[in-house]
Amino acid sequence: MRWIVLLLLLFAAHINLTALVPAAAGQAPPPWWVGGRLIWPFGLDTHTLLPSGGALDTLTPLLAIASAVFFVLAAGALLHWAVPAQWFGALVVAGAACSLVLQMVWISPWAVLPLLLDGLLLWGLFSSRVTVPGLQG
């Protein structure tokens, strides 16, 4: 189970970092066998909740980097790499919160997978009470 949570955290970090390099407008999606737009959900032709420029150009990299950093730090806590295990829950919540806001700003049909991933991580944390010590055994 520990490795599944680790993969989910790293996949969530990857999906959010793709916001830094959105697909060009009109660009064909990558082939389906490499994930297509599922693993690269951001595109310049997406109708966002905020208008282009200004707030969108400021919020997108801040939220993308923040969520990825929180998820990677949570993975570090899971692996006992320089991050206290007690921070795991707070890091997952912070990463999911930044990710949820990012996906809502860039809402599209491709945002479903990242939103499900955030929901799965939060569900595991709150419903199943996933903790670092619980995943070690």
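Model, not experiment: these values are computed from the prediction. The first residue in the sequence is number 1, and the count goes up from there.
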For this session: Establish whether Leu62 and Val21 are linked, either directly or via other cluster members, by ILVMFWY side-chain heavy-atom contacts under 4.5 Å.
Result: no

Taking every heavy atom of Gly89 against every heavy atom of Leu125, the minimum-distance pair comes out as O-CD2, 3.4 Å

Note: Val83 and Gly76 closest approach over all heavy atoms is CB-C, 4.1 Å

For Phe70 and Cys98, the nearest pair of non-hydrogen atoms, with its separation, is CE1-SG, 4.0 Å

Interatomic distance, CG@Leu113 vs CZ@Phe11, rounded to 0.5 Å, equals 5.0 Å

Going only through I, L, V, M, F, W and Y residues with side-chain contacts under 4.5 Å, is there a path from Leu121 to Leu7? no

| query | If you group Ile, Leu, Val, Met, Phe, Trp and Tyr by side-chain heavy-atom gaps below 4.5 Å, do Val5 and Trp81 land in one group? | reply | yes

Note to self: Check for me, please, whether Phe88 and Leu120 land in the same ILVMFWY cluster - side-chain distances under 4.5 Å, paths through other members count.
What the structure shows: yes

Nearest heavy-atom contact between Leu91 and Ala74 is CD1-N, 3.7 Å

One should read off an interatomic distance between Leu78 CG and Phe71 CZ, to the nearest 0.5 angstrom, of 13.5 Å

d(Ile65 CD1, Leu102 CG) to nearest 0.5 Å is 11.0 Å

Scanning both residues in full, the closest heavy-atom pair of Ala64 with Leu17 reads O-CD2, 4.1 Å

Rounding to 0.5 Å, atoms CG (Leu63) and CH2 (Trp106) come to a distance of 11.5 Å

dist Trp3:CH2 -> Leu79:CG (nearest 0.5 Å) comes out at 5.5 Å

Correct closest heavy-atom pair for Ser99 and Asn16 would be OG-OD1, 3.1 Å

Before you tell me yes or no, could you show the steps for Leu115 and Ile107 under side-chain contact (heavy atoms from CB on, under 4.5 Å), namely the whole-Å CA-CA distance, both residues' side-chain angles and the distance that decides it to 0.1 Å?
CA-CA 10 Å; Leu115 290 171; Ile107 194 71; 4.3 Å; yes

When Leu73, Val92, Leu117, Val72 are each screened for side-chain contact (heavy atoms from CB on, under 4.5 Å) with Leu9, the one that passes is Val92

Do Met104 and Leu122 land in one hydrophobic cluster if side-chain heavy atoms of ILVMFWY residues count as linked below 4.5 Å? yes

